[in-house]
Amino acid sequence: MTDSFSITDLAREFDVTTRTIRFYEDQGLIAPDRQGQTRIYGQRDRVRLRLIMRGKRLGFALKEIRDLLDLYETDRSEITQLTILINKIDERRDTLRKQRADIDATLEELDLLEENCQQELRRKSG
DNA sequence: ATTCTCACA
DNA sequence: TGTGAGAA
């Protein structure tokens, strides 16, 4: 009674739509029990949902999050689980740094372009 | 209010 | 990675 939730309960709690929660189920990230065909979520699903949201904040793909989640259930020794997570973290940092490098490059190019424009403007008006 | 499916960005 | 619509 206190540890089972409807899809709307969890949708409100995590500020997502019910569609999104069903979508995550389709993608294999959660597997709630059923009463007939309506989904009944337990604390286990709730915890997984919380981990999913954190993974999303950090920019991990749903597939990655699913793999990590699966590890948590199957792998009894947390050592391999943790090393894999650390690898994911390193990967993520890498792609973010590359994105930042791309953004910096674009910013610089914009600076150069504007400089040319300002120069042209001065030539034509001044 | 919930579920599923198909389509769509 | 989700959303919208239609039907049950």
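Chain identifiers are assigned alphabetically (A, B, ...) following the order of the sequence lines, protein sequences preceding nucleic acid strands; residue numbering begins at 1 within each chain.
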Inset, instruction - Ignoring hydrogens and angles, state whether a donor on the side chain of Thr17(A) or Thr20(A) is under 3.5 Å from an acceptor on the partner side chain. - result: yes
Inset, instruction - Using atom CE of Met53(A) as one end and atom C1' of dT1(C) as the other, report the distance to the nearest whole Å. - result: 12 Å
Inset, instruction - Check the distance between dT2(B)'s P and Asp33(A)'s CG and give it to me in whole angstrom. - result: 17 Å
Inset, instruction - For Asp45(A) and Gly42(A), indicate whether the former's side chain and the latter's backbone hold a donor-acceptor pair under 3.5 Å. - result: yes
Legend entry - d(CD1, Ile7(A); P, dC4(B)) in whole Å: 9 Å
Legend entry - Separation of atom CZ in Phe14(A) from atom P in dT1(C), rounded to whole Å: 19 Å
Inset, instruction - Whole angstrom is fine here: how far is it from CD in Gln37(A) over to P in dT3(B)? - result: 7 Å
Legend entry - Nearest-angstrom distance from the residue atom CZ of Arg19(A) to P of dT3(B): 11 Å
Inset, instruction - Please report, rounded to the nearest Å, how far the C1' atom of dC4(B) is from the CZ atom of Arg39(A). - result: 9 Å
Legend entry - Ser6(A) side-chain N/O to dA1(B) phosphate OP1/OP2 under 4.0 Å: no
Inset, instruction - Using modelled atom types only, decide if a donor and an acceptor are shared between the side chain of Asp70(A) and the backbone of Asp67(A) within a distance under 3.5 Å. - result: no
Inset, instruction - Assign Thr17(A) to base, sugar-phosphate, or nothing according to its heavy-atom contacts below 4.0 angstrom with the strands shown. - result: sugar-phosphate
Inset, instruction - Find the distance Tyr24(A):OH to dT3(B):P and express it as a whole number of Å. - result: 17 Å
Inset, instruction - Could you tell me whether the phosphate oxygens of dG2(C), OP1 or OP2, come under 4.0 Å of any side-chain nitrogen or oxygen in Lys56(A)? - result: yes
Inset, instruction - Give one of base, sugar-phosphate or nothing for Arg22(A), where a contact means two heavy atoms less than 4.0 Å apart. - result: base
Legend entry - Distance-only side-chain donor-acceptor flag, Arg122(A) / Gln119(A), under 3.5 Å: no
Inset, instruction - Taking only the side-chain nitrogens and oxygens of Thr20(A), find out if one of them lies under 4.0 Å from OP1 or OP2 of dT3(C). - result: yes
